[in-house]
Amino acid sequence: MRSSLKRDLRKVYDLLLNAFGPQNWWPAEDPFEVMVGAILTQNTNWGNVEKAISNLRDHGSLDQASVSSMTESKLASLIRPSGYYNLKARRLKGLVGFLTTEYSGEISCLKEVPLEDIRRQLLSIKGIGPETADSIILYALERPVFVVDSYTKRIISRLRLAEKNMGYDGLQRIFHENIPEDTGIYNEYHALLVRLGKEYCRPRPLCGGCPVHELCGSA
DNA sequence: GACCAGGCACATC
DNA sequence: GATGTGCATGGT
C-alpha cells in the first residue's frame with residue numbers, strides 16, 4: 001500500500017474542515033431519534049427522512065413506547081415519505097424489540113457493552129447492516145467506530161486511496177488504521193465526506209470547485 | 001421521464 | 001463469493 005495514506009487522509013480531513021467547517025452531526029435531539037434516522041435514511045434522501053421524523057414527532061410517537069405499541073401499518077403510514085415504508089416500519093419494530101428485550105429500553109446501558117459485542121448484537125437485528133450499526137454506535141452511543149457509506153466509497157475511490165472494489169470492512173480498516181481513534185474526529189470526518197459527496201461527488205463525475213480537487217486523480 | 005438518495009436481505013449462480 | 005433483485009418516496 002501507499003506509505004502516504006495517513007498523510008493524504010489527514011489532508012482530506014483538513015481541506016474539508018477548512019472548506020465546510022464543523023457539520024454538527026447527527027441532526028437529532030436524542031439517541032433514539034438518531035437510531036430511527038439511521039434506519040429511515042437507508043438508501044434515501046435525508047430530506048425525506050426529515051419529513052418522516054416530523055410526522056412521528058407531530059404524532060407524539062418519536063419514542064420507544066409509541067413505536068412499540070403502534071401497529072406496524074400505522075407506523076408505516078407515518079414514515080411513508082422516507083420510502084420503503086413497510087420494510088422500515090418492520091425494521092424500527094425490530095430495533096425497539098431488541099432494546100426492550102436486551103436492555104429494558106435503557107439506551108445508556110448500550111454504552112457499557114464492549115464495542116465489538118454491541119456491534120455484533122446490532123448486526124443481528126434484521127434490517128441493520130454495517131452502516132446502520134456503525135451510525136448508531138458513533139452518533140447515538142458516541143463511541144469510536146468509523147462509518148462507511150456510499151459517499152465514502154465513491155470519494156475514497158476517486159481519490160485513489162483505495163481499490164474501487166474494496167468492501168465495507170476493508171474501507172473501514174483504512175480509516176481505523178490511519179486516523180486517530182477519536183469519536184469527535186470520526187463523527188466530523190464522516191459528516192464532511194457526506195457533505196462533499198452531496199455537493200461535488202455524484203455518481204457521474206462533477207468536480208468543479210471541489211475542495212479536494214488537488215488530490216483527485218480522475219476529476 | 002430518468003436519475004439519484006447517508007442500505008439491506010434474500011435468491012441464484 | 002460475486003451478482004441481481006425487491007423494497008418506494010420525493011427532489012432535480
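Below, read A as the first sequence line, B as the second, and so on, with proteins coming before strands; counting in each chain starts at 1.
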Participant: Is a donor from one side chain sitting under 3.5 angstrom from an acceptor on the other, for A:His190 and A:Tyr139?
Facilitator: yes
Participant: Between A:Glu142 and A:Lys111, is there a salt bridge with N-O shorter than 4.0 Å?
Facilitator: yes
Participant: Rounded to whole Å, how long is the line connecting atom NZ of A:Lys93 with atom P of B:dC8?
Facilitator: 22 Å
Participant: Nearest whole angstrom, please: distance from the C1' of C:dG6 to the CD of A:Gln42.
Facilitator: 14 Å
Participant: Would you classify A:Asp149 as touching base, sugar-phosphate or nothing, given that sugar-phosphate means primed atoms plus P, OP1 and OP2, and contacts are heavy atoms under 4.0 Å?
Facilitator: sugar-phosphate
Participant: How long is the line joining CD1 of A:Ile79 and P of C:dG10, in whole Å?
Facilitator: 12 Å
Participant: Salt-bridged, A:Arg10 to A:Asp14, with N to O below 4.0 Å?
Facilitator: yes
Participant: Let me know the distance between CZ of A:Arg202 and P of B:dA5, rounded to the nearest Å.
Facilitator: 5 Å
Participant: Could you tell me whether A:Ile128 contacts a base, only the sugar-phosphate backbone, or nothing, with contacts defined as non-hydrogen atoms closer than 4.0 Å?
Facilitator: sugar-phosphate
Participant: Starting at CG of A:Asn55 and ending at C1' of C:dG10, how long is that distance when rounded to a whole Å?
Facilitator: 13 Å
Participant: Give the nucleotide from the list C:dT9, B:dC10, B:dC8 with an atom nearest to the side chain of A:Pro81.
Facilitator: C:dT9
Participant: Pick out which of A:Tyr13, A:Phe20, A:Trp25 makes a side chain to side chain contact (heavy atoms under 4.5 Å, CB included) with A:Glu188.
Facilitator: A:Tyr13
Participant: Classify A:Ile125 by what it touches in the nucleic acid, base, sugar-phosphate, or nothing, heavy-atom distance under 4.0 Å.
Facilitator: sugar-phosphate
Participant: Taking for each residue the nucleotide of DNA chain B with the nearest heavy atom, is it A:Arg154 or A:Pro130 whose nucleotide lies nearer the 5' end?
Facilitator: A:Arg154
Participant: So does A:Asp117 pair up with A:Arg120, basic N to acidic O under 4.0 Å?
Facilitator: yes
Participant: Examine C:dT9: is either OP1 or OP2 under 4.0 Å from a nitrogen or oxygen in the side chain of A:Tyr85? Give yes or no.
Facilitator: yes
Participant: Rounded to whole Å, how long is the line connecting atom CG of A:Asn86 with atom C1' of B:dA9?
Facilitator: 16 Å
Participant: Return the value, rounded to whole Å, for the distance between atom NZ of A:Lys51 and atom P of B:dA5.
Facilitator: 16 Å
Participant: Would you call A:Glu199 and A:Arg195 a salt bridge, using N to O less than 4.0 angstrom?
Facilitator: yes
Participant: Please determine, for the side chain of A:Asn45, which listed nucleotide (B:dA5, C:dT9, B:dG7) has the closest atom?
Facilitator: B:dA5
Participant: Look at the side chain of A:Leu87 and decide which nucleotide, out of C:dT9, B:dC10, C:dA8, has an atom nearest to it.
Facilitator: C:dA8
Participant: Using only side-chain N and O atoms of A:Arg90, determine if any of them is under 4.0 Å from OP1 or OP2 of B:dC8.
Facilitator: no
Participant: Please report the distance separating the P of B:dC3 from the corresponding atom of C:dT5, rounded so that it comes out in whole Å.
Facilitator: 16 Å
Participant: B:dA5 P sits how many Å from A:Glu131 CD, rounded?
Facilitator: 12 Å
Participant: Give a yes/no on whether any side-chain N or O of A:Thr41 is located under 4.0 angstrom from OP1 or OP2 of B:dG7.
Facilitator: no
Participant: Has A:Lys88 got a side-chain N or O lying under 4.0 Å from the OP1 or OP2 atom of C:dT9?
Facilitator: no
Participant: Examine B:dG7: is either OP1 or OP2 under 4.0 Å from a nitrogen or oxygen in the side chain of A:Ser150? Give yes or no.
Facilitator: yes
Participant: Reckon A:Thr132 touches a base, only the sugar-phosphate, or nothing at all at heavy-atom distances under 4.0 Å?
Facilitator: sugar-phosphate
